[in-house]
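Keep in mind it's a predicted model, so treat the numbers as computed, not measured.
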Amino acid sequence: MLPGPALATAFEIEVRQLHLMPETYTSSTVLRNWCERNRNRFYIPEWLLDQWGIIVDADLSGAA
């Protein structure tokens, strides 16, 4: 059985809709706002989070 096609992440879909290239990610205010709103919901490249100083919640399980 062959593996299925890889699906795009929500981040990849967002940058595609914004017509951004990796070299323009950090200059996009719209992308930064999206990343801040979704930092604990979707994958965002670590280098980009670091660049913007966005901190994610390490405990995504919700268990207390």
Side-chain angles (χ1 to χ4, degrees):
M1 186 169 191
L2 296 172
L7 300 176
T9 65
F11 176 82
E12 292 168 330
I13 292 168
E14 186 67 19
V15 296
R16 204 173 298 141
Q17 289 176 343
L18 296 172
H19 304 287
L20 298 174
M21 300 297 292
E23 56 272 8
T24 61
Y25 291 175
T26 58
S27 63
S28 172
T29 303
V30 175
L31 181 61
R32 182 179 183 146
N33 291 337
W34 184 91
C35 290
E36 288 174 344
R37 285 191 318 273
N38 294 290
R39 66 181 182 261
N40 293 317
R41 296 181 58 210
F42 300 117
Y43 167 79
I44 299 168
E46 282 189 50
W47 68 266
L48 189 55
L49 294 171
D50 291 342
Q51 181 76 31
W52 283 330
I54 298 174
I55 299 171
V56 296
D57 184 358
D59 181 24
L60 296 178
S61 68

Any idea which heavy atoms bring [X] and [Y] closest together, and the distance?
| X | Y | value |
| --- | --- | --- |
| Thr26 | Trp52 | O-NE1, 3.3 Å |
| Cys35 | Ile54 | CB-CD1, 4.1 Å |
| Asn40 | Asp57 | OD1-N, 2.7 Å |
| Leu31 | Glu14 | CD1-CG, 4.2 Å |

Is the CD atom of Glu46 crowded by more than 12 outside heavy atoms at less than 6.0 Å?
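Open: at most 12 neighbouring heavy atoms sit under 6.0 Å from CD of Glu46.
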
For the pair Arg32 and Glu36, evaluate salt bridge (Lys or Arg N to Asp or Glu O under 4.0 Å) and give the outcome as yes or no after the intermediate values.
CA-CA 6 Å; Arg32 182 179 183 146; Glu36 288 174 344; 3.3 Å; yes

Leu20-Val30 co-clustered via ILVMFWY side chain contacts under 4.5 Å
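Yes, one cluster joins them.
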
In the single-linkage hydrophobic clustering (I, L, V, M, F, W, Y; side-chain heavy atoms under 4.5 Å), do Ile13 and Leu18 co-cluster?
no

Got a donor-acceptor contact below 3.5 angstrom from the Ser28 side chain to the Tyr25 backbone?
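No; judged by distance alone, with no hydrogens or angles, the pair does not exist.
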
Would you call Asn38 and Phe11 a side-chain contact if the rule is heavy atoms closer than 4.5 Å?
no

Answer yes or no: is there a side-chain heavy-atom contact under 4.5 Å between Thr9 and Phe42?
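The answer is no; the side chains never approach within 4.5 Å.
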
